[in-house]
Amino acid sequence: MSIIFLNGAYVRAEDARISPFDRGFTFGEGVYEVCIAVNGNFVDAPAHLARLDRSLAACGITAPPERVELHSIMKELLQKNDVRTGLVYLQVTSGVSPRNFTTCPEGRSTLMMLAQASDFEQTPAFRDGIHVQLQEDIRWLHRDIKTTMLLPQVMAKRNALANGVSDTLFYDALGITEGASSNVFLVDGHGTLVTRPLSNLLLAGCTRERILELAQEAGFVIDERPIQRAELATAAECFVTSATYLVAPVLSVDGRAIADGKAGQVTRRLQHLYCAYIAGEGRACADI
Ligand code: PMP
């Protein structure tokens, strides 16, 4: 039976009550984070909580009163659900108001958090890689805000499954923007890592940031520029990053194999470096 955290209290999921007038429900006025834990310790929690603050500020949503203790609530939620390795999902909406576009809620913002067990290093995506399709990026222009308005992503992922692949990468006039729930990297013929620079057109992935740092330390050359769709045909490797994918090899795009259609050496090396990092991160952050 799962225990969630809702507006100041730990409750059984089936007992939780959220108002039908919650603006997260009526207007999609909400933001979220997904932070993973390995052996009971969170990976890059400060970066996730900093991004939550940026998302809240960008939408003009008041931080929940629990903001300063979020990290300890996250930990307690893991314990209450008996999760050592898994994720915490955290959602904040602006709260309850009459259904009117501009009315500001009088009460607190709504905070909901849940924990789920998952072994990210054992998923088929991580171990074997994924096949993806391309789709024009029809989302709004503030993809840097981690909003709960995820209908385009839900549709893109469902469409991918209907087409026999597991995910969708979005593109715009400049090239690949990001995956439906991940950032995208390409390895060119010289071993250079290419990924789109941050802007309002994509989410600043915490995993992306960490991979860039680890890759730089390991001596890789990095080129932050848009990946052209045509480049996928000649790429040596391609992979996606996210809190839950970690680093997942991309084996084919729109039915065309990337190189020999197998996970590449650079991708495997970065998986290895990232897993070593998250194992150590657990120890380093045990006292946060
Ligand atoms: N882009 C999008 C659209 C996402 O939904 C996600 C995952 N939430 C990411 C990138 C990756 O972000 P992170 O590495 O912080 O999980």
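Just follow the structure's listing: the first ligand is 1, and inside any ligand the first atom is 1. Side-chain atoms are counted along with the backbone in the values below, which use heavy atoms only and exclude waters and symmetry mates.
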Geometric cation-pi criterion Arg99 and Phe101, 6.0 Å radius, 45° cone: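 Yes, a cation-pi geometry.
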Atom 16 (O) of ligand 1 [closest protein heavy-atom partner, distance rounded to 0.1 Å]: Ala243 N, 2.8 Å
For atom 7 (C) of ligand 1, the protein heavy atom that lies nearest, with its residue and separation: Ser181 O, 3.4 Å
Within the 4.0 Å heavy-atom shell around [X], which atoms of ligand 1 are there?
| X | value |
| --- | --- |
| His48 | 15 (O) |
| Glu178 | 1 (N), 2 (C), 3 (C), 10 (C) |
| Asn183 | 10 (C), 11 (C) |
| Lys146 | 5 (O), 7 (C), 8 (N) |
| Gly179 | 3 (C) |
| Arg51 | 12 (O), 13 (P), 15 (O) |
| Ser242 | 11 (C), 14 (O), 16 (O) |

Is there any N or O on [X] that sits under 3.5 Å from an N or O of ligand 1?
| X | result |
| --- | --- |
| Gln153 | no |
| Arg139 | no |
| Leu203 | no |

Side chain, backbone, both or neither: Arg143 near ligand 1, heavy atoms under 4.0 Å: neither
Stepwise side chain to side chain donor-acceptor pair (under 3.5 Å) check, Gln271 with Arg268: CA-CA 5 Å; Gln271 284 186 319; Arg268 289 300 191 207; 2.7 Å; yes
Residue Lys262 excluded, over 12 heavy atoms near NZ under 6.0 Å: no
